[in-house]
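First the structure, in the form of structure tokens, and then the observations on it.
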Amino acid sequence: MRLFWIIAAVTFGIDQLSKYGVLYGLDLLNLGEYYPLPPFLVFRMQWNFGINFGLLQGRSDLARWLLIALALGISACVIWWMQRERGNRKALIAGGLLLGGALGNVIDRFVFGAVADFLNMSCCGIENPYAFNIADITIFIGALGLVVFAGGTGKPGKPTRSKRQRPRDDRNALG
């Protein structure tokens, strides 16, 4: 579990530092856009009041607190799940990425009322209208990693009780 907590803390820290750096260091709050590698990478300030890709946009306080509660509930489930994945390093890393990203977005909703999204990537004449952040990336990678790596490859937890079968005495079967 130590690896899980370290990955979650580092992910959370990188997410929060990136948001602070872009919002205040680059002053994206006032600039609105910054072009580090146009057209492939643009920092475009967007406040996400919903979930990924702006789905379920709810600008009410009720929606905000429901999304915070949902993220914290999912985070609790991930922690519970990772306690059962002892020894499964890949699953623990994936779970840490997911937890760190989820908590990073929870802090945004708590402090700002919405998630600060700023990464926008486009290519080949196709302009992407959506923005995302480091937390969104780590949540996606973590969830995908859990699907691929979790379940049964780690050290087993406490064994379950099962009915003990008597060993068969084959000597009597022949006679």
For Val42, what residues pass the side-chain contact (heavy atoms from CB on, under 4.5 Å) criterion, not counting sequence neighbours?
Tyr35, Arg44, Asn120
Any side-chain donor paired with an acceptor under 3.5 Å for Asp108 and Asn48?
no
Under 4.5 Å between side-chain heavy atoms, counting indirect links through other Ile/Leu/Val/Met/Phe/Trp/Tyr residues: same cluster for Ile79 and Leu98 or not?
yes
If every non-hydrogen atom of Ala116 is compared with every non-hydrogen atom of Phe118, which pair is closest and at what distance?
O-CD2, 4.1 Å
Do you know which two heavy atoms are closest between Gly151 and Asn88, and how far apart they sit?
N-ND2, 4.1 Å
Can you establish whether the number of heavy atoms outside Phe112 located under 6.0 Å from its atom CZ is more than 12?
yes
Grouping I, L, V, M, F, W and Y whenever their side-chain heavy atoms are under 4.5 Å apart, do Phe49 and Leu66 come out in a common cluster?
no
May I ask whether Val106 and Leu17 are part of the same hydrophobic cluster, defined by side-chain heavy atoms of I, L, V, M, F, W, Y residues being less than 4.5 angstrom apart, directly or through others?
no
How long is the straight-line distance from CG of Leu72 back to CZ of Arg109, given to the nearest 0.5 Å?
11.0 Å
Any chain of hydrophobic side-chain contacts (each under 4.5 Å) joining Val22 to Val115?
no
Quick one: do Val147 and Ile93 end up in the same hydrophobic cluster if we chain Ile, Leu, Val, Met, Phe, Trp and Tyr together by side-chain heavy atoms under 4.5 Å apart?
no
Side chain to side chain contact (heavy atoms under 4.5 Å, CB included) evaluation trace for Phe132 with Met121:
CA-CA 9 Å; Phe132 52 96; Met121 302 179 92; 3.8 Å; yes
Which residue in the set Leu31, Leu28, Leu23 passes side chain to side chain contact (heavy atoms under 4.5 Å, CB included) when paired with Phe43?
Leu28
Check step by step if side chain to side chain contact (heavy atoms under 4.5 Å, CB included) holds for Ser75 and Leu103.
CA-CA 8 Å; Ser75 296; Leu103 294 179; 4.0 Å; yes
Residues Met82 and Met1: closest non-hydrogen pair is O-SD, 3.5 Å
Leu99 and Trp5: side chain to side chain contact (heavy atoms under 4.5 Å, CB included), yes or no, with the steps?
CA-CA 9 Å; Leu99 180 68; Trp5 290 113; 3.8 Å; yes
Where is the tightest heavy-atom contact between Phe4 and Leu92, given as atom of each residue plus distance?
CD1-O, 3.6 Å
Please report the closest heavy-atom contact between Ala150 and Trp81, naming both atoms and the distance.
CB-CZ2, 3.5 Å
Have Asp136 and Asn105 got a donor and an acceptor in their side chains that come within less than 3.5 Å?
yes
When rounded to the nearest 0.5 Å, the distance separating CD1 of Ile107 from CD of Gln16 is 6.0 Å
Sequence neighbours excluded, the answer for side-chain contact (heavy atoms from CB on, under 4.5 Å) partners of Asp61 is Arg64, Trp65
If you compare all heavy atoms of Thr138 against all heavy atoms of Gly101, which two are closest, and at what distance to 0.1 Å?
OG1-CA, 3.4 Å
Looking at CE of Met45 and CG of Asn30, how far apart are the two atoms once the value is rounded to the nearest 0.5 Å?
11.0 Å
